[in-house]
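Following: one structure in structure tokens, then a few remarks.
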Amino acid sequence: MPGMPFEELARTSEQVAATRSRLAKRALLAAALGRAAPDELELVVTYLSGTLRQRRTGVGWAALTDLPAPAGAPTLTVTEVDRAFEAVAGHAGSGSAARRSQAMAELFGRATDLEQRLLRGLIFDEVRQGALDALVQDGVAEAFGVPVAAVQRAAMLLGSTPAAARLAREGGLAALEAVRLRVGQPVRPMLAASAADPSAALLRTGVPAVADAKLDGIRVQVHRDGGTVRLYTRTLDDITDRLPEVVDAVLALPTRDLVLDGEVVGLRPDGRPLPFQVIASRTATSVDVAAGRDRTPLRLFAFDLLRLDGRDLLDEPLEARVALLADLLPADEVVPRRSVGSADELAAVFADVVAQGYEGLVVKNPQAPYAAGRRDAAWVKVKPRHTFDLAVTAAEWGHGRREGWLSNLHLAAVHQDTGALVMLGKTFKGLTDQLLQWQTEQLLAREVRRTRGTVHVDPPPVVEIACDGVQRSTRYPGGIALRFARVLRYRDDKTVADVDTLATVLALNPLEEDAPGSG
DNA sequence: TTCCGACAGTGGGGTCGCAAT
DNA sequence: ATTGCGACCCCACTATCGGAA
């Protein structure tokens, strides 16, 4: 059994990239899926989604310098490519970078030019063919003659589109519909769309609505099976070992098995949430967890219940799941929430939670079942928006569809004492194509200096910037950086004399609290 | 015919673990 | 001991296609 040529996938990817029609992309994907051998289907699904099966390979750009020239003729199979990545992933750690480079050189040396391009795309997560997991699910549905919704649901419950594809091929619709939520098998989380303000959110969810306080922490999915608890992140990574205090809290619940969805945060003595950075530090490390737990204890705030003591709740309406959650958990282990019946009421709740230090609200349709993805916007998040006028001191050339345009702007405030410009971060968000073109012309006309990839300008134009807040930074001279900055508009009526000061930006969030445990 | 939901793309800052220096 | 790389946590926004209205 020779196996599917990798070249065939490379050619499919090239063709998918070449058309903008989604229907045409879907047809190309379906054709390739239909040609895959049974034991290679999951790999084909993975590669056509633009990803590798191995979550971490340890291979980055440093390991891909000095690659051999492309092979003249294709010989690689899909399975051989997977084996090569499995080998380097296997000795990421014990092996040396040199060993990984060597293995990659061997793989690339056997790949044609077209294949090398796909390999690079898979490694760097930039295949850019205009099709990712969602479109591949469409392709799976077409290839095996099943409804897309069934593929989506099975992929959600299995946490895997390749696994859903295998079921679709082997057992059709019946096999897909037989998939059930299993304790210990993380499911893809339901996501929220976003809205500019509370009333806009309410227009999408309808009235009445459930308004949950939005906590700025780490999303965690909890699975308990008797005495065993597992915790998973949004991308379904297992972080159980990093949060023993959360495990203990779940074990203390009067239940045999459950699956619930929530946010992990830490609280200050006054009950207000800790900054995101502090929480991220705790959840990102598995070294000396006990010390971290003592210094910064974290807590789970649940907001949804997917299963309780053998009973599947995914298809129950939110209000029923929420009621069961309230019965099961102490009030201080559930996200603060209110039921609201009007836009005025919601606006008041929004002001209230923001004043209490929460990130905002997630407004929810009480009738909606639990379903992965953003479909139908049953959940809508709203956050307060802060704005500043800042100086654009430089801009970086864009990539991909922004090739040839100055895209990523360097933003600076004015120091209130010295008058010097202090860089606070960058942004490329909020720009229309028209604005990209316009700003490229404007900035080039002000060019004073150029370094690799960056054009420096003077005098700096002024932009109105929105952001979610500020955070500590070791990267920027002011010691702070903007969080989620985006361009609202250029202010041609303003000059650098009108730019906001560092003190003004800092006033948004004084960051006066020290690291927990230090005082 | 127009509208709008879903999707992909373009990247941002911070933090950690680990290997190389 | 420090630095650089890779991975992954949080995330906003625009353009586009194609089905819905």
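In the text below, chain A, chain B and the rest are named by the order of the sequence lines, each starting its count at 1. Any value given below was found using the heavy atoms of this structure, including those in side chains, with hydrogens, waters and symmetry copies removed.
The side chain to side chain donor-acceptor pair (under 3.5 Å) test applied to His456(A) returns Arg449(A), Thr451(A), not counting sequence neighbours. For Phe350(A), the ring pair (Phe, Tyr, Trp, His ring centres under 6.0 Å) test picks out no residue, with sequence neighbours left out. Residues forming a side-chain contact (heavy atoms from CB on, under 4.5 Å) with Arg450(A) (at least two apart in sequence, or on another chain): Trp397(A), Leu444(A), Glu447(A), Val455(A). With sequence neighbours excluded, the residues satisfying salt bridge (Lys or Arg N to Asp or Glu O under 4.0 Å) with Arg53(A) are Asp82(A), Glu86(A). Taking Arg11(A) as the reference, Glu7(A) meet the salt bridge (Lys or Arg N to Asp or Glu O under 4.0 Å) condition, with sequence neighbours excluded. Applying the side-chain contact (heavy atoms from CB on, under 4.5 Å) test to Leu132(A) and every residue at least two apart in sequence or in another chain returns nothing.
Side-chain contact check for His386(A) versus Val505(A): every heavy-atom pair is 4.5 Å or farther apart. A 4.5 Å side-chain heavy-atom check between Tyr358(A) and Leu215(A) finds at least one atom pair inside the cut-off.
Heavy-atom nearest nucleotides on DNA chain C were determined for Leu23(A) and for Ala466(A), and the one closer to the 5' end corresponds to Ala466(A). Summary of the strand contacts: Ala63(A) and Phe276(A) both lie near DNA chain C, and taking for each the nucleotide with the nearest heavy atom, the more 5' one is attributed to Ala63(A). Remark on DNA chain B: of its neighbouring residues Gly400(A) and Ala481(A), the 5'-side contact belongs to Gly400(A), judged by nearest-heavy-atom nucleotide.
If you measure from atom NE2 of His399(A) to atom C1' of dA8(B), you get 18 Å, rounded to the nearest angstrom. Rounded to whole Å, the distance from CZ on Arg401(A) to P on dC7(B) is 19 Å. Counting to the nearest Å, the C1' atom of dG12(B) and the NZ atom of Lys429(A) are 5 Å from each other. Separating the CG atom of Leu424(A) from the P atom of dG14(B) is a distance of 11 Å, rounded to the nearest angstrom. Rounded to whole Å, the distance from CZ on Arg483(A) to C1' on dT15(B) is 13 Å. Atom CZ of Phe484(A) and atom C1' of dG11(B) are 13 Å apart (whole Å). Taking atom CD of residue Gln129(A) and atom P of nucleotide dA8(B), one finds them 10 Å apart after rounding to whole Å. Atom-to-atom, CD of Gln152(A) to C1' of dG5(B) comes out at 13 Å; the value is rounded to the nearest Å.
In this structure, Arg486(A) reaches the sugar-phosphate backbone alone: every heavy-atom distance under 4.0 Å involves primed, P, OP1 or OP2 atoms, never a base.
The side chain of Gln277(A) places no N or O atom within less than 4.0 Å of a non-bridging phosphate oxygen (OP1 or OP2) of dG13(B). Between Arg128(A) and the phosphate of dT10(B), there is a side-chain N or O to OP1/OP2 separation shorter than 4.0 Å. Distances shown here put a side-chain N or O of Ser407(A) below 4.0 Å from the OP1 or OP2 atom of dG11(B). Not one side-chain nitrogen or oxygen of Asn408(A) sits closer than 4.0 Å to the OP1 or OP2 atom of dT10(B).
Looking only at distances, no side-chain donor or acceptor of Lys383(A) sits under 3.5 Å from a matching main-chain atom of Lys214(A).
Applying the salt bridge (charged side-chain N to carboxylate O under 4.0 Å, His left out) rule to pairs touching residues 193-202 of chain A yields nothing, sequence neighbours excluded. Listed by first then second residue, pairs satisfying salt bridge (charged side-chain N to carboxylate O under 4.0 Å, His left out) with a partner in residues 275-286 of chain A read Glu245(A)-Arg282(A), not counting sequence neighbours.
Remark: Ala284(A), Thr285(A), Ser286(A), Val287(A) in residues 284-293 of chain A come within less than 4.0 Å of DNA chain B through at least one heavy atom. Residues from residues 430-439 of chain A placing a heavy atom under 4.0 Å of any atom in DNA chain C, listed by number, are Gly430(A), Leu431(A), Thr432(A), Asp433(A).
Here dC16(B) is the nucleotide among dC16(B), dG11(B), dG5(B) with the atom lying nearest to any side-chain atom of Ser281(A).
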Please report, to 0.1 Å, the donor-acceptor pairs under 3.5 Å made by any side chain of residues 483-491 of chain A, with sequence neighbours excluded.
from	atom 1	to	atom 2	distance (Å)
Arg483(A)	NH1	Asp216(A)	OD2	2.7
Arg486(A)	NH1	Asp468(A)	OD1	2.9
Arg486(A)	NH1	Phe484(A)	O	2.8
Arg489(A)	NE	Glu464(A)	OE1	2.5
Arg489(A)	NH2	Glu464(A)	OE1	3.0
Tyr490(A)	OH	Gln439(A)	OE1	2.7
Arg491(A)	NE	Asp493(A)	OD1	3.0
Arg491(A)	NH2	Asp493(A)	OD2	2.7

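Protein chain A contacts DNA chain C over a range whose 5' and 3' limits, counting nucleotides with an atom under 4.0 angstrom from a non-hydrogen atom, are dC5(C) to dG19(C).
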